[in-house]
Amino acid sequence: MIISNLLISWYLANKRELPWRQTKDPYTIWLSEVILQQTRIAQGTAYFIRFTKEFPTVFDLATANEDEVLKLWQGLGYYSRARNLHYTAKYIVNELNGVFPNSYKSLKKMKGIGDYTASAIASICFNEVQAVVDGNVYRVLSRYFNVKTAINSSRGIKEFKEIAQNIISKENPGLHNEAIMELGALICTPKNPNCGACPLSGSCLALKKNKIDSLPLKLKKTKIRTRYFNFLVVNINNQSTILEQRKENDIWKHLYQFPLVESNEELSHESILTSDNLEKLIQDKSLQLKLFNQNNIVHILTHQKILAKFWIINTKSDHKNAVEWNNVSNFAVPVIISNFLEKFR
DNA sequence: GATCCGTGGAG
DNA sequence: TCTCCAAGGAT
């Protein structure tokens, strides 16, 4: 039996009903693929519903402001996905007359669309024979063929794409791609895979050699940087506060936050009080500075550990960029800020 | 080509 | 508590 046929027939009998599986509209599929990059379906689904409701077509997305798009993306992480999504929507509308790219090659030229996403859209929407290789596919293929090449090495990336391309159905590439990913998600899971229910178990090499638990192989390289964030929560007459947008190429780019004093170590009450940032922010000799959280709030990112303190600054002196507290919720903020806001109010 | 970019859930 | 990692991509 051909692998592809086994995969597809298993898929047709066992697939989940997911909202993006009701369409082949390339814009909608694109939206779902980008939302689901490095994201669990349980987390991404609500965002997909909101995005398709708010921006039903690529024209709607292109017309929006980046701030609106980021606000809708808030909490999902990897915010460059949202910025690139918006950028590419504008590009398609303004430079391609709103005609969605319809081939792997043309899709891959779009910002934010890499090998995986181009293959997914091309195969699902345009029946192009391009194999997807995501985390699920790496797992299924490394086990089925007992491949020990590290999946995050440049050799591995190339090798697995070739294997995937070799076994893909020429008749139903989109269906095949969805099937192999679904198998990885439901049966060939990272831990405790359900080999007893797997349609490929009869010819799975890792299962035969009892190597399932050691595959796929992955090189680990975890360098975690620790940063100390001191947020200055200015409270002007209990009415308004000050927000600023993160501009640098850093985490949370283009999201909003309270003015920040960053350092590589703990900062004292005194050093915050006399910091240049604060003095530039408000000239008020009688301001009160109060620490909101005695212990650092720990926020873990993939390569960073943020230790955060929120300093409440009560003052009566107004500020030109003051934002009404009632209006703060309209700004896209990182989760660490929205968590604070919930506790603070 | 190694490193960076978020968040949350599972085990 | 800690580790892994989830429909990846850009630099």
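Chain letters run A, B, ... following the sequence lines, proteins first, then strands; residues in each count from 1.
Atom CZ in A:Phe48 sits about 13 Å away from atom C1' in C:dA7, given to the nearest Å. Spacing between atom CD1 of A:Ile157 and atom P of B:dT3 amounts to 14 Å, rounded to whole angstrom units. Atom pair A:Asn136:CG and C:dC5:P shows a separation of 12 Å (rounding to whole Å applied). Counting to the nearest Å, the P atom of C:dA10 and the CE atom of A:Met110 are 11 Å from each other. Rounding to whole angstrom units, CG of residue A:Asp134 and C1' of C:dA6 are separated by 9 Å. One atom, OH of A:Tyr138, and another, C1' of C:dC4, lie 17 Å apart when rounded to the nearest Å. Counting to the nearest Å, the P atom of C:dA7 and the CG atom of A:Leu85 are 19 Å from each other. Across the protein-nucleic acid pair, A:Phe160 atom CZ and C:dG8 atom P stand 15 Å apart, rounded to whole Å.
Salt-bridge annotation for A:Lys161 and A:Asp115: present, with a side-chain N of the basic residue lying under 4.0 Å from a carboxylate O of the acidic one. By the 4.0 Å N-to-carboxylate-O rule, A:Glu262 lies close enough to A:Arg227 to be salt-bridged with it. With salt bridges taken as basic N to acidic carboxylate O contacts below 4.0 Å, none links A:Arg83 and A:Glu66.
Listed nucleotides: C:dC5, C:dA10, C:dG8. Nearest to the side chain of A:Lys111: C:dA10. Closest approach to the A:Leu36 side chain among C:dC5, C:dA7, B:dG1 is made by C:dA7 (side chain taken as heavy atoms from C-beta onward).
On the C1' atoms, C:dT1 is 16 Å away from B:dG8, given to the nearest whole Å. One C1' atom belongs to C:dC5, the other to B:dC5, and the distance between them is 15 Å to the nearest Å. The separation of C:dA7 from B:dG11, taken at their P atoms, amounts to 14 Å, rounded to a whole angstrom.
Using modelled atom types, one finds no donor on one side chain facing an acceptor on the other under 3.5 Å when comparing A:Arg21 with A:Ser32. No donor-acceptor contact under 3.5 angstrom links the side chains of A:Gln288 and A:Lys290, judged on distance only.
A:Trp20 comes within contact range of at least one nucleobase, with a heavy-atom separation under 4.0 Å. Across all strands, A:Ser32 comes closer than 4.0 Å to no nucleic acid atom at all (heavy-atom distances).
Between A:Ile113 and A:Ile41, the residue whose closest nucleotide on DNA chain C is further toward the 5' end is A:Ile41.
Not one N or O on the side chain of A:Asn65 forms a donor-acceptor pair closer than 3.5 Å with the backbone of A:Asp67.
For residues 206-225 of chain A, no residue pair satisfies the ring pair (Phe, Tyr, Trp, His ring centres under 6.0 Å) rule, not counting sequence neighbours.
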Letter by letter from the 5' end, nucleotides 4-11 of chain B scores (B base, S sugar-phosphate only, - none; protein heavy atoms under 4.0 Å) BBBBBB--
